[in-house]
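Below: one structure, written as structure tokens.
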There are 2 protein chains.
Amino acid sequence: MTAHEHTHHDHDQPNLTKNQALVFGALDGAEGPLTAYAILDQLREDGFRAPLQVYRALDKLVEFGMVHRLESLNAFVACRHPGCVSHESAAFAICEDCGSVQEFSPEEAMRVLKAWADAKGFTASKTTVELRGRCKDCAAA
Amino acid sequence: MTAHEHTHHDHDQPNLTKNQALVFGALDGAEGPLTAYAILDQLREDGFRAPLQVYRALDKLVEFGMVHRLESLNAFVACRHPGCVSHESAAFAICEDCGSVQEFSPEEAMRVLKAWADAKGFTASKTTVELRGRCKDCAAA
DNA sequence: TGGAGACATGTTATAGCGTTACATCTCTTT
DNA sequence: AAAGAGATGTAACGCTATAACATGTCTCCA
């Protein structure tokens with residue numbers, strides 16, 4: 001079972017290893033983001049025993065572009081790029097009331113950031129954009 | 001000694017408490033970002049003994065807009081807003097080679113993000129924008 | 001004047017997130 | 001069969017952050 005043949009952020013679904021498939025399944029089935037330890041607890045019945053098993057799988061899944069890390073939460077979500085846009089331009093709106101996360105692709109904003117980077121000679125390998133606040137539903141409640 | 005009378009992200013320099021002043025001094029004198037524990041170690045000779053002393057001061061300094069938290073590093077930097085722009089629109093370019101951090105204010109990008117949020121009914125209380133990559137100097141080397 | 005309230009501080013313990021180091025297993029290739 | 005590469009298992013540890021509780025230090029005002 002191999003999980004290679006990948007350049008970087010490929011759009012093809014790679015052949016996942018057993019652990020990668022289990023971790024992705026946990027994230028894909030979850031409503032919101034999960035921490036590594038939450039995933040570990042969920043996968044104990046599948047034989048998971050140590051954090052490293054989760055982190056190793058997460059590293060690969062992020063590399064494949066199938067999972068995003070939310071820096072401001074120290075948590076992970078399965079990728080739901082609306083319209084199947086580039087994984088490079090992902091941004092997240094995180095509701096601090098209900099914990100929901102919306103993924104979106106602010107391509108115009110990303111262009112502006114890239115323009116700044118180009119002008120400064122900065123080569124960005126990853127761009128993190130996260131909005132923390134209150135979602136529509138929670139604001140209405 | 002008081003450190004109040006603040007609405008939110010005031011531009012006035014508040015009267016800092018002893019601990020706040022020490023922590024801010026450490027960050028302001030540092031070349032790059034510092035973790036809370038690095039600050040703690042640096043302030044042991046000033047009587048600091050526990051992480052909480054640092055975190056309490058950091059919370060206030062962030063609230064005052066004098067310090068930014070870098071989510072992707074779990075570290076903190078003194079604010080160096082070029083041109084004294086709003087603390088609300090701060091972004092950071094973090095070099096993974098040399099550890100340097102450039103703060104900038106991509107107001108156009110922030111406007112685009114705010115427009116998305118408005119359209120979705122999302123009220124953002126904080127916006128995190130961090131570029132990870134390679135700075136000009138390190139690319140040249 | 002002395003007590004109440006508000007805020008800052010001190011201290012210990014603990015919870016949560018992530019990695020190092022090392023051993024083993026399973027395939028593929030030759 | 002031997003060698004190499006990648007995946008996995010396990011234990012121990014280190015870094016990041018907070019909970020809970022105790023104490024100190026002011027100001028205000030009855």
Side-chain angles (χ1 to χ4, degrees), chain A residues 1-6 14-27 32-64 66-77 96 99 128 130 132, chain B residues 1-6 14-27 32-64 66-77 96 99 128 130 132:
Chain A
M1 203 181 275
T2 68
H4 323 97
E5 322 268 327
H6 283 272
N15 291 325
L16 299 181
T17 66
K18 179 165 169 270
N19 286 0
Q20 287 160 16
L22 285 167
V23 169
F24 183 74
L27 283 172
L34 296 177
T35 67
Y37 276 69
I39 296 170
L40 173 58
D41 286 340
Q42 215 176 290
L43 294 180
R44 286 201 189 276
E45 55 189 17
D46 296 289
F48 273 52
R49 306 260 119 213
L52 196 48
Q53 296 175 290
V54 178
Y55 283 110
R56 285 204 273 234
L58 286 171
D59 284 348
K60 289 295 186 182
L61 292 169
V62 168
E63 186 186 325
F64 300 157
M66 298 173 65
V67 164
H68 296 286
R69 174 187 175 82
L70 299 178
E71 302 287 355
S72 67
L73 290 181
N74 292 334
F76 302 83
V77 283
E96 293 177 318
T128 298
E130 297 178 15
R132 304 289 299 265
Chain B
M1 203 182 276
T2 69
H4 323 98
E5 323 269 327
H6 284 272
N15 292 326
L16 299 180
T17 67
K18 179 164 168 273
N19 285 0
Q20 287 161 15
L22 285 167
V23 169
F24 182 72
L27 283 172
L34 296 177
T35 67
Y37 278 70
I39 295 171
L40 173 58
D41 286 340
Q42 215 176 287
L43 294 180
R44 285 200 190 276
E45 55 188 16
D46 295 291
F48 273 52
R49 307 260 123 218
L52 198 48
Q53 296 175 289
V54 177
Y55 283 110
R56 285 204 272 234
L58 285 172
D59 284 348
K60 288 296 186 181
L61 292 169
V62 168
E63 186 186 327
F64 299 157
M66 298 174 65
V67 164
H68 296 287
R69 174 187 175 82
L70 299 178
E71 302 286 355
S72 67
L73 291 180
N74 293 332
F76 302 84
V77 283
E96 293 177 320
T128 297
E130 297 178 16
R132 304 290 299 264

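Computation of the quantities below employed the complete heavy-atom set of this structure, encompassing side-chain atoms and omitting hydrogens, waters and symmetry-equivalent molecules. Below, chains carry the letters A, B, ... as their sequence lines are ordered, and counting in each starts from 1.
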Starting at atom [atom1] of [X], determine the distance to atom [atom2] of [N], rounded to an integer number of angstrom.
{"X": "B/Leu22", "N": "C/dA8", "atom1": "CG", "atom2": "C1'", "answer": "13 Å"}
{"X": "B/Leu34", "N": "D/dC15", "atom1": "CG", "atom2": "P", "answer": "15 Å"}
{"X": "B/Leu73", "N": "D/dC15", "atom1": "CG", "atom2": "C1'", "answer": "14 Å"}
{"X": "A/Leu61", "N": "D/dA7", "atom1": "CG", "atom2": "P", "answer": "12 Å"}
{"X": "A/Leu58", "N": "D/dT8", "atom1": "CG", "atom2": "P", "answer": "13 Å"}
{"X": "B/Glu71", "N": "C/dC17", "atom1": "CD", "atom2": "C1'", "answer": "14 Å"}

Indicate every side-chain donor-acceptor pair of residues 40-54 of chain A with a distance under 3.5 Å to a residue at least two apart or in another chain.
| from | atom 1 | to | atom 2 | distance (Å) |
| --- | --- | --- | --- | --- |
| A/Asp41 | OD1 | A/Arg44 | NE | 3.4 |
| A/Gln53 | OE1 | A/Arg49 | N | 2.6 |
| A/Gln53 | OE1 | A/Ala50 | N | 2.9 |

Stepwise side-chain contact (heavy atoms from CB on, under 4.5 Å) test for A/Thr128 and A/His68
CA-CA 10 Å; A/Thr128 298; A/His68 296 286; over 6 Å; no
Mind listing the N/O atom pairs, protein and nucleotides 10-13 of chain C, below 3.5 Å?
| from | atom 1 | to | atom 2 | distance (Å) |
| --- | --- | --- | --- | --- |
| C/dG10 | OP2 | B/Asn19 | ND2 | 3.1 |
| C/dG10 | OP2 | B/Gln53 | NE2 | 2.5 |
| C/dG10 | N7 | B/Arg56 | NH2 | 2.4 |
| C/dG10 | O6 | B/Arg56 | NH1 | 3.2 |
| C/dG10 | O6 | B/Arg56 | NH2 | 3.3 |

Compare every heavy atom of [Y] with every heavy atom of [X], then report the nearest pair and how far apart it is.
{"X": "A/Gln20", "Y": "A/Asn15", "result": "OE1-O, 4.5 Å"}
{"X": "A/Ile39", "Y": "A/Ala26", "result": "CG2-CB, 4.3 Å"}
{"X": "B/Ala75", "Y": "B/Pro33", "result": "CB-CB, 4.0 Å"}
{"X": "B/Leu58", "Y": "B/Ala36", "result": "CD1-CB, 4.1 Å"}

Strictly below 4.0 Å: does A/Thr17 bring a side-chain N or O up to OP1 or OP2 of D/dA7?
no
Run B/Leu16 and B/Leu61 through side-chain contact (heavy atoms from CB on, under 4.5 Å) and show every step you take.
CA-CA 9 Å; B/Leu16 299 180; B/Leu61 292 169; 4.0 Å; yes
Taking the minimum atom-to-atom distance to the side chain of B/Tyr55, which one of C/dA8, D/dA17, D/dA7 wins?
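Per side-chain heavy atoms of B/Tyr55, the pick is D/dA17.
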Which of the following nucleotides, C/dT9, D/dA17, C/dG18, is nearest to the side chain of A/Asn74?
C/dG18
Tell me which residues in residues 36-44 of chain A lie within less than 4.0 Å of DNA chain C, going by non-hydrogen atoms.
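Those residues whose heavy atoms fall under 4.0 Å from DNA chain C, taken from residues 36-44 of chain A in numerical order, are A/Tyr37.
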Checking the side chain of B/Glu130 only, and the main-chain atoms of B/Leu70 only, is there a donor and an acceptor separated by less than 3.5 Å?
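Not at all, since once roles are kept as given, no pair shorter than 3.5 Å links the two residues.
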With sequence neighbours excluded, what pairs up with B/Arg56 under the side-chain hydrogen bond (donor to acceptor under 3.5 Å, both in side chains) test?
none
For A/Asn74, check side-chain hydrogen bond (donor to acceptor under 3.5 Å, both in side chains) against everything at least two apart and list the hits.
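If we apply the side-chain hydrogen bond (donor to acceptor under 3.5 Å, both in side chains) test to A/Asn74, skipping adjacent residues, the hits are A/Arg69.
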Have a look at the helix from C/dT1-D/dA30 to C/dT30-D/dA1 and give the angle its two end axes make, five pairs each, rounded to 10 degrees.
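For the helix from C/dT1-D/dA30 to C/dT30-D/dA1, the axes at opposite ends meet at about 10°.
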Does a side-chain heavy-atom distance below 4.5 Å link A/Glu63 with A/Asp59?
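Counting from C-beta outward, A/Glu63 and A/Asp59 never come under 4.5 Å.
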